[in-house]
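Read the structure below first, then the notes.
Since the structure is predicted, the reported quantities are computational estimates derived from the model, not experimental observations. Lettering follows sequence order; numbering is per chain, from 1.
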2 protein chains.
Amino acid sequence: MTQLDLTEQPEAEASKLGRKRDHTRDPEILDAALEVLAETGYDGMTIDMVAARAKAGKATMYRRWPSKSELVLDAVACMKSADIDFDRLPDTGTLRGDLIAMIKPPSIKDAETKLKIMAGLISMLTRNPELADAANAAMVEPRATVNRIFFKRAIERGEISPDCDVETLSLVTPSMAAYRVLILRKPVDRAFLISLIDGVLMPAVGIVAAARTR
Amino acid sequence: MTQLDLTEQPEAEASKLGRKRDHTRDPEILDAALEVLAETGYDGMTIDMVAARAKAGKATMYRRWPSKSELVLDAVACMKSADIDFDRLPDTGTLRGDLIAMIKPPSIKDAETKLKIMAGLISMLTRNPELADAANAAMVEPRATVNRIFFKRAIERGEISPDCDVETLSLVTPSMAAYRVLILRKPVDRAFLISLIDGVLMPAVGIVAAARTR
DNA sequence: ACTATACGGTACTGAGGAGTTTCGGATCTG
DNA sequence: CAGATCCGAAACTCCTCAGTACCGTATAGT
């Protein structure tokens, strides 16, 4: 939220007594926090690491956030899905085309970064529901939403049956990518995602291989 | 390995000088470690917690394992899949029957426990490849293996096409169950697993709903 | 009974990290 | 320039926890 307040409007009222707080360095600090989080995990992360990376003083951190957990919560909540633009989703005319169109190097990279952050947070999610909700909204929900849109479109245009379990199918790619990175510790590359689409989703939805061979 | 040495043979040679080490409490301690691990995660777990839970002294812990990380590694490596008996896998004659037969309350419970342990380990896996391998062998590989067996059987008996991507399909259930528990933090119940089988796996493999409606 | 060993308990050491305080310098206001 | 505010740096407190040392006791072998 902080990150947005800054970019949207240049500090509403700077009057009153003296001058209003800038907090102009918030975005850099939150980004630094996310980086450290991805590299070391929640428990491995220290306030000093984040401060050093953002070239900020430790005191500055505590002037702005009351505790480490609040800082992390804010960092996760402010994290913007830089990769998904809901106003400009691909629309290729076929379900497979739409799904494949989402596979782009920057998108894969972004997803991997988010999964690394997620890895560092997972053990906390149990004990911190607020953080769990923020992580869900910032990292997992957007992906599933895109898939849901694609599947619903395909149903509307009659490409696939309306009986398809859209909810479950939308979670296949996110789930299996997460499992592969977090647990199997293998990279999620284009080939893997395509094998998911052609080996699971397309067959599951009744589109046979022959129909998509050009 | 320790756990097994004990049950298999009553201390091979107890001669030499004095008497051989008992380490008879190892299993209790390792079990306690797994419990604490599931409850608090790797970083939250302390040696004192484990010792207290196993009613052991802290010194005993360090007489047996040189460090916390070695203890955890041993605990994970010794963890036995209490739920899967590879000599007595269900064989119902149909793929769907086999998959459904694996859904049993104790099996679900065991899987949930393992996922909780996994949640506490994930952030460590990156920094400790040895632990990652042990966790993989003990918790994820067995599940996938069972599914692979079922799919291969189904291919052999001609129930499904040999072109099916067995490898990927075998990972659908483990992946999506893990995602649901670890990230979505929702319970994995019978209904969810069945929706996976009937909403993803069966369709993906070309078995239509009509064919299984009794 | 005597001795050795393993164990449980407790006290200790040392390192590291959360959170606090202080201070000196930079920057803006007038 | 004078006054106020913010910030980076560093020193400091307090606490937790990994790992160690020691001791009293239970037990098993001789």
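We find that CZ of B/R64 is positioned 19 Å from P of C/dT5, with the value rounded to whole Å. Computed from coordinates, the B/M61 CE to C/dG9 C1' distance equals 14 Å when rounded to whole Å. Rounding to whole angstrom units, CD of residue B/E70 and C1' of D/dG19 are separated by 14 Å. To the nearest angstrom, C1' of C/dA18 lies 10 Å from OH of A/Y42. Between B/D43 atom CG and D/dT16 atom P there is a gap of 17 Å when expressed in whole angstrom units. Between B/L71 atom CG and D/dG19 atom P there is a gap of 10 Å when expressed in whole angstrom units.
Note on the helix from C/dA1-D/dT30 to C/dG30-D/dC1: terminal axis deviation equals 10°, with five pairs used at each end and the result rounded to 10°.
In this structure, CE on B/M118 lies 8.5 Å from CG on B/L182, to the nearest 0.5 angstrom. Summarising the geometry, atom CD belonging to A/E112 is positioned 12.0 Å from atom CD1 belonging to A/I117; distances are rounded to the nearest 0.5 Å. How far CE of B/M139 is from CE of B/M79: 4.0 Å, rounded to the nearest 0.5 Å.
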Collect all protein-nucleotide pairs involving nucleotides 19-22 of chain C in which both atoms are nitrogen or oxygen and the distance is under 3.5 Å.
from: C/dG19; atom 1: OP2; to: A/Y62; atom 2: OH; distance (Å): 3.2
from: C/dG19; atom 1: OP2; to: A/K68; atom 2: N; distance (Å): 3.0
from: C/dG19; atom 1: N7; to: A/K58; atom 2: NZ; distance (Å): 3.0
from: C/dG19; atom 1: O6; to: A/K58; atom 2: NZ; distance (Å): 2.6

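Residue pairs meeting the salt bridge (charged side-chain N to carboxylate O under 4.0 Å, His left out) criterion with at least one member in residues 46-61 of chain B, sequence neighbours excluded: B/E35-B/R53, B/E39-B/R53, B/D48-B/K58.
The residues B/R153 and B/E156 are annotated as not salt-bridged, no charged nitrogen and carboxylate oxygen being separated by less than 4.0 angstrom.
At least one side-chain nitrogen or oxygen of A/T60 sits closer than 4.0 Å to the OP1 or OP2 atom of D/dG8.
The cationic atom of B/K186 (NZ for Lys, CZ for Arg) does not lie both less than 6.0 Å from the six-membered ring centre of B/Y179 and within 45° of the ring axis.
A side-chain contact (heavy atoms from CB on, under 4.5 Å) with A/L125 is found for one member of A/L131, A/D133, A/N136 and no other, namely A/L131.
Nucleic acid contact for A/M49: none, since no nucleic acid atom lies under 4.0 Å from a heavy atom of the residue.
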- Task: Could you check A/L169 against A/R148 for side-chain contact (heavy atoms from CB on, under 4.5 Å), going step by step and ending with a plain yes or no?
- Result: CA-CA 8 Å; A/L169 289 172; A/R148 268 190 284 263; over 6 Å; no

- Message: One pair to check against salt bridge (charged side-chain N to carboxylate O under 4.0 Å, His left out): A/D110 and A/R143. What are the steps and the verdict?
- Response: CA-CA 11 Å; A/D110 180 274; A/R143 299 268 161 195; 3.6 Å; yes

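Annotation: of the two residues near DNA chain C, A/T46 and B/I29, the 5′-most nearest-nucleotide partner is B/I29.
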